[in-house]
Enquirer: 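If you scroll down you'll find the structure; I have some questions about it.
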Amino acid sequence: MRSRLHERFQSALRELLAEAGSQAPPPDFSLEVPRNPEHGDFACNAALLLAKPLERPPRQVAEQLIARLTAGEGVIARAEVAGPGFINVWLRDERWQDLLRSVLTQGRRYGRSEQAAGAQVQVEFVSANPTGPLTLGHGRQAVLGDCIARALEAVGSRVTREYYFNNGGRQMRVLGESVRARYLEQLGRAAPPPDTGGDAETPWPESIDGLPVVFPRDGYQGDYIGEIAADLVARDGDALTEEPGEGVFREVAEQQVFGEIRKTLDALGIHFDVYSNEMALYQEGKLEETLADLRMRDLVYESEGAVWLRATALSLGRDRVLIKKTGEPTYLLPDIAYHREKFRRGFDRIIDVQGADHIEQFPFVRAAVGALGCPVEKLELVMNQFVTLTRGGEQVKQSKRRATYVTVDELLGEVGPDVFRFFMVQRKAEGHLDFDLDLAKDTDWKKNPAYYVQYAHARSCGVERKAREQGVAIPDAASADGSLLSLPEELEILKKLGEFPDVVARAAEAREPHHLAYWVRELAGLWNPYLQDGVRHRVLSDDPALTSARLGLALAVRTVLANALECLGISAPEQM
RNA sequence: GCCCCGGUAGCUCAGUCGGAUAGAGCAGUUGCCUUCUAAGCAACGGGUCGGGGGUUCGAUUCCCUCCCGGGGCACCA
């Protein structure tokens with residue numbers, strides 16, 4: 001609806017400019033749905049922008065534009081100049097009523113488009129290393145990344161969802177050592193680690209009561225480590241006590257932890273197309289290759305026994321270590337190699353979704369792959385801030401170190417995936433998110449926005465069920481007739497439905513799926529009261545024509561609610 | 001100290017590449033209504049858009065500066 005009107009404005013602008021002998025291209029004007037309905041269905045600021053190049057007062061320009069817009073047949077019912085020179089436009093009611101038919105015709109496709117048809121996009125997200133269960137921050141990112149992917153798919157992109165993890169470095173070794181220590185403890189061959197209260201100054205004894213302390217100082221304290229160890233004891237008894245290093249334990253732990261992560265993601269309805277890892281890059285020689293190519297461009301030097309990236313030559317603030325003096329790479333080198341592979345795989349667009357604690361690294365990766373000749377304008381970063389959890393009106397303390405953080409699994413157990421997803425996606429990514437557990441657990445549909453939206457859908461289905469029971473014919477795309485939908489609230493709902501394709505497009509382009517969550521809440525906020533009223537208007541009434549029209553509206557709203565929820569990966573139940 | 005992100009109603013937050021009288025939900029007050037699924041509708045109250053300066057027809061939005069909160073500034077991930 002908006003895009004057609006936008007074209008009309010654009011051609012009117014061109015005419016006006018040409019007439020005045022101006023070579024200037026039409027300015028980038030706005031055409032928006034105004035907050036205040038008294039300002040029309042759409043409001044346009046074009047005349048204000050054109051006033052200067054045309055050297056005429058804005059209101060006069062507006063008049064001339066209106067004359068051109070309203071000439072000939074009309075989707076436009078009326079247009080008027082307002083304020084300093086805005087043009088407010090009202091469309092004919094029929095234009096909105098026709099939406100009923102077009103929504104029902106398009107069905108599940110309504111809202112989708114081909115704006116980005118065929119674009120190959122990679123979205124990399126979560127990418128948590130398999131050292132423990134997913135935390136709320138990961139959960140937020142999982143939902144965010146998946147919703148971005150869904151929005152992109154809705155505008156025609158072909159999306160590869162990808163999960164990359166580091167499994168070659170020190171953290172995985174510590175993971176293995178932690179499991180080994182618990183294993184030995186359970187067999188009575190090692191002492192449990194002392195509680196230092198997280199204080200790095202407290203000494204770490206080599207043994208307690210004659211038993212060695214094997215648990216590493218920076219080991220993983222979560223219960224899941226002990227569980228993995230217990231599995232090993234049950235499976236192999238004490239056969240592993242003589243294992244030389246942490247290797248066996250590390251492999252088992254990685255497999256187990258990663259399996260759990262995938263289960264969690266499954267429960268969230270998130271499925272990755274590709275899992276990449278650091279070890280594969282090693283095995284394929286990608287690190288050496290990348291290092292050699294960087295060296296060729298004089299971006300590598302050695303100092304203090306380490307190998308450095310000369311990032312200052314790429315106008316970054318400082319140089320950074322690529323290979324530690326221990327001979328082990330930092331995460332920077334594999335990250336650079338990995339991103340280079342992304343470019344080689346031919347994506348049109350590469351989107352990294354990363355937590356706020358990771359963004360420091362991004363400029364270095366981008367600069368490095370840029371220096372290696374990759375078209376970095378295709379690479380973009382979506383950053384997401386942390387999640388805090390509020391329970392009983394108080395913030396829940398989270399400490400990764402002491403493993404007292406709340407996991408995605410725990411929360412899913414309390415609220416289920418639909419509520420979890422809705423709450424995680426409803427805030428813009430770059431802002432902090434306060435997860436209000438009391439509200440999330442509240443099953444009162446009126447209060448809990450996730451249920452409120454789902455309930456709007458379920459109710460519409462209920463209306464249809466009731467209609468069938470009463471033997472009322474269910475309208476379809478061919479028989480639906482919106483022309484009887486003339487109550488203000490009905491037109492308002494139709495206009496809302498008309499916004500949906502624009503909302504999807506915006507969510508996709510801006511990588512901001514929270515707009516969808518807001519918008520669908522607004523639609524439900526119009527529809528639930530409409531159904532609730534039942535006095536001023538009933539869907540099922542004595543008037544067959546009106547019943548058919550309103551039933552058509554119910555079907556259309558239900559379709560759009562379902563489509564919007566689909567974009568958010570949330571189910572649209574037919575009953576609640 | 002430097003970098004990134006926030007600061008909008010009592011609370012949680014939207015706010016369209018600069019637009020008109022700044023919005024929603026929840027919470028509060030008042031009146032009405034009694035339902036196609038679990039009550040809804042209407043009205044009211046509530047704001048120096050963190051402070052100050054600048055840019056211009058116009059700034060919550062852009063620039064500068066300061067304050068507050070979160071995160072980051074490793075040969076940790």
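Here is the naming used below: chain letters follow the sequence lines, and residue numbers restart at 1 for every chain. Nothing here was measured: the structure is a model prediction, and the numbers come from that model.
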Enquirer: Report the nucleotide, chosen from B:C13, B:G70, B:C75, that has the shortest atom-to-atom distance to any side-chain atom of A:Lys324.
Expert: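 The closest nucleotide is B:C75.
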Enquirer: Using the C1' atom as the point on both nucleotides, what is the distance between B:A14 and B:U30, in whole Å?
Expert: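 Looking at atom C1' only, B:U30 and B:A14 are 28 Å apart.
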Enquirer: Rounded to the nearest Å, what distance is computed from the CZ atom of residue A:Phe423 to the P atom of nucleotide B:U12?
Expert: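 That distance rounds to 14 Å.
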Enquirer: Would you say the side-chain atoms of A:Asn45 pair up with the backbone N or O of A:Leu48, donor to acceptor, closer than 3.5 Å?
Expert: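 Absent.
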Enquirer: Taking only residues two or more places apart in sequence, or in another chain, which ones meet A:Arg465 in a salt bridge (Lys or Arg N to Asp or Glu O under 4.0 Å)?
Expert: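 By the salt bridge (Lys or Arg N to Asp or Glu O under 4.0 Å) rule, A:Arg465 matches no residue at all.
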Enquirer: Would you say A:His457 and A:Gln454 are linked by a side-chain donor-acceptor pair, where the criterion is simply a distance under 3.5 Å?
Expert: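 No, A:His457 and A:Gln454 have no side-chain donor paired with an acceptor closer than 3.5 Å.
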Enquirer: Whole angstroms only, please: what is the CG-P distance between A:Leu516 and B:C13?
Expert: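 Those two atoms, CG and P, are 20 Å apart.
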Enquirer: Looking at every strand, decide which applies to A:Asn88 at a 4.0 Å heavy-atom threshold: base, sugar-phosphate, or nothing.
Expert: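 Since a base atom lies under 4.0 Å of A:Asn88, the category is base.
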Enquirer: Which listed nucleotide (B:G70, B:C36, B:G25) is nearest to the side chain of A:Lys446?
Expert: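 Of the candidates, B:G25 comes closest.
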Enquirer: Considering only the C1' atoms, how many Å lie between B:U35 and B:C44, rounded to the nearest integer?
Expert: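 Nearest-Å result for B:U35 against B:C44 at atom C1': 26 Å.
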Enquirer: If the P atom of B:G70 is compared with that of B:G28, how far apart are they to the nearest Å?
Expert: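 31 Å, rounded to whole Å.
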Enquirer: Quick one: does A:Asp444 reach the base of B:A39 with a side-chain donor-acceptor pair under 3.5 Å?
Expert: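 Side chain to base: no pair present.
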Enquirer: May I ask which nucleotide in the shown strands pairs with B:C36, Watson-Crick or G-U wobble, both distances under 3.5 Å?
Expert: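 B:C36 is unpaired by these criteria.
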Enquirer: Quick check: A:Phe165 with A:Phe258 (ring centres under 6.0 Å apart)?
Expert: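 Close enough - the centres of the two rings lie under 6.0 Å apart.
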Enquirer: Identify whether any heavy atom of A:Ile359 sits under 4.0 Å from a base atom; if not, whether one sits that close to sugar-phosphate; answer base, sugar-phosphate or nothing.
Expert: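 Since only primed, P, OP1 and OP2 atoms lie under 4.0 Å of A:Ile359, the category is sugar-phosphate.
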Enquirer: Nearest-nucleotide wise, let me know which of A:Glu430 and A:Val539 is further upstream toward the 5' end of RNA chain B.
Expert: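 Checking each residue's closest nucleotide, the 5'-ward one belongs to A:Glu430.
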Enquirer: A:Phe165 has an atom CZ; how far is it from atom P of B:A77, in whole Å?
Expert: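 Going from A:Phe165 (CZ) to B:A77 (P), I get 16 Å.
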Enquirer: State which residue, out of A:Gln141, A:Lys428, A:Arg140, fulfils the side-chain hydrogen bond (donor to acceptor under 3.5 Å, both in side chains) condition with A:Asn384.
Expert: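 Among A:Gln141, A:Lys428, A:Arg140, the one meeting side-chain hydrogen bond (donor to acceptor under 3.5 Å, both in side chains) with A:Asn384 is A:Gln141.
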Enquirer: When you compare B:A22 with B:U61, how far apart are their C1' atoms, in angstrom units rounded to a whole number?
Expert: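 After rounding to an integer number of Å, I get 12 Å for this pair.
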Enquirer: Taking only the P atom of each, what is the distance from B:G45 to B:G52 in whole angstrom?
Expert: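 So the two P atoms sit 26 Å from each other.
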Enquirer: Between B:C75, B:A14, B:G6, which one does the side chain of A:Glu304 approach most closely?
Expert: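 Of B:C75, B:A14, B:G6, B:C75 is nearest to the side chain of A:Glu304.
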Enquirer: Does any nucleotide pair with B:G6 by Watson-Crick or G-U wobble geometry, both distances under 3.5 Å, and what is it?
Expert: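 B:G6 is paired, partner B:C68.
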Enquirer: Work out how far the P atom of B:C63 is from that of B:U48, and round it to whole angstrom.
Expert: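 It works out to 24 Å between them.
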Enquirer: Reckon A:Tyr452 touches a base, only the sugar-phosphate, or nothing at all at heavy-atom distances under 4.0 Å?
Expert: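 If one applies the 4.0 Å heavy-atom cut-off, A:Tyr452 turns out to touch nothing in the nucleic acid.
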Enquirer: Need to verify one output field. Residue with the more 5' nearest nucleotide on RNA chain B, A:Gly305 or A:Phe29?
Expert: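 Counting from the 5' end, the first nearest nucleotide belongs to A:Phe29.
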Enquirer: To the nearest angstrom, how far is A:Tyr518 atom OH from B:C13 atom P?
Expert: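 In whole Å, B:C13 P and A:Tyr518 OH are 9 Å from each other.
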Enquirer: Taking the minimum atom-to-atom distance to the side chain of A:Arg538, which one of B:U35, B:G72, B:G69 wins?
Expert: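 The closest nucleotide is B:U35.
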Enquirer: With the side chain of A:Met383 defined as its heavy atoms from C-beta on, choose the nearest nucleotide among B:A20, B:A77, B:C4.
Expert: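 Shortest atom-to-atom distance from the side chain points to B:C4.
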Enquirer: When the P atoms of B:G1 and B:G58 are considered, how many whole Å apart are they?
Expert: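 Rounded to whole Å, the distance is 37 Å.
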Enquirer: Could you please name the option among B:U16, B:G40, B:C5 that lies closest to any side-chain atom of A:Gln385?
Expert: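 Out of B:U16, B:G40, B:C5, the nucleotide with an atom closest to A:Gln385's side chain is B:C5.
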Enquirer: Can you check the A:Gln354 CD to B:C4 C1' distance for me, whole Å?
Expert: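 It works out to 13 Å between those atoms.
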Enquirer: Which nucleotide wins on minimum distance to the side chain of A:Leu48, given the candidates B:G19, B:A14, B:C76?
Expert: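 For the A:Leu48 side chain, the nearest candidate turns out to be B:G19.
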Enquirer: I want to know whether A:Phe125 and A:Tyr163 have ring centres closer than 6.0 Å.
Expert: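 No - the distance between ring centres of A:Phe125 and A:Tyr163 does not fall below the 6.0 Å cut-off.
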Enquirer: Report yes or no: is the ring centroid of A:Phe86 under 5.5 Å from the six-membered base ring centroid of B:A20, with the two planes under 30 degrees?
Expert: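 Here A:Phe86 meets both the 5.5 Å and the 30° conditions.
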Enquirer: Ring-on-base stacking between A:His514 and B:A14, under 5.5 Å between centres and under 30° between planes: is it there?
Expert: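 Here A:His514 fails the 5.5 Å or the 30° condition.
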Enquirer: Write down the partner of B:A42 under the Watson-Crick or G-U wobble criteria, each distance required to be under 3.5 Å.
Expert: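 Because both required distances fall under 3.5 Å, B:A42 counts as paired with B:U30.
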Enquirer: Taking the P atom of each, how far is B:G31 from B:U12, in whole Å?
Expert: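 Their P atoms lie roughly 30 Å apart.
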Enquirer: Which one, B:G25, B:C76, B:G71, comes nearest to the side chain of A:Asp357?
Expert: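 For the A:Asp357 side chain, the nearest candidate turns out to be B:G71.
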Enquirer: Of all the nucleotides listed (B:A77, B:G15, B:C26), which has the minimum atom distance to the side chain of A:Lys428?
Expert: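 Out of B:A77, B:G15, B:C26, the nucleotide with an atom closest to A:Lys428's side chain is B:G15.
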Enquirer: Select one nucleotide: of B:C4, B:A77, B:C41, the one nearest the side-chain heavy atoms of A:Tyr331.
Expert: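 Taking heavy atoms from C-beta onward, the closest nucleotide is B:A77.
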Enquirer: Ring centroids only, cut at 6.0 angstrom: are A:Phe29 and A:His6 within range, meaning strictly under it?
Expert: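 Yes; A:His6 has its ring centre under 6.0 Å from that of A:Phe29.
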Enquirer: Who is the Watson-Crick or G-U wobble partner of B:C73, with both distances under 3.5 Å?
Expert: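 B:G1 is the nucleotide pairing with B:C73.
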Enquirer: Which pairs pass side chain to side chain donor-acceptor pair (under 3.5 Å) with one or both residues in residues 440-451 of chain A, sequence neighbours excluded?
Expert: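 Pairs touching residues 440-451 of chain A that pass the test: A:Glu414-A:Lys441.
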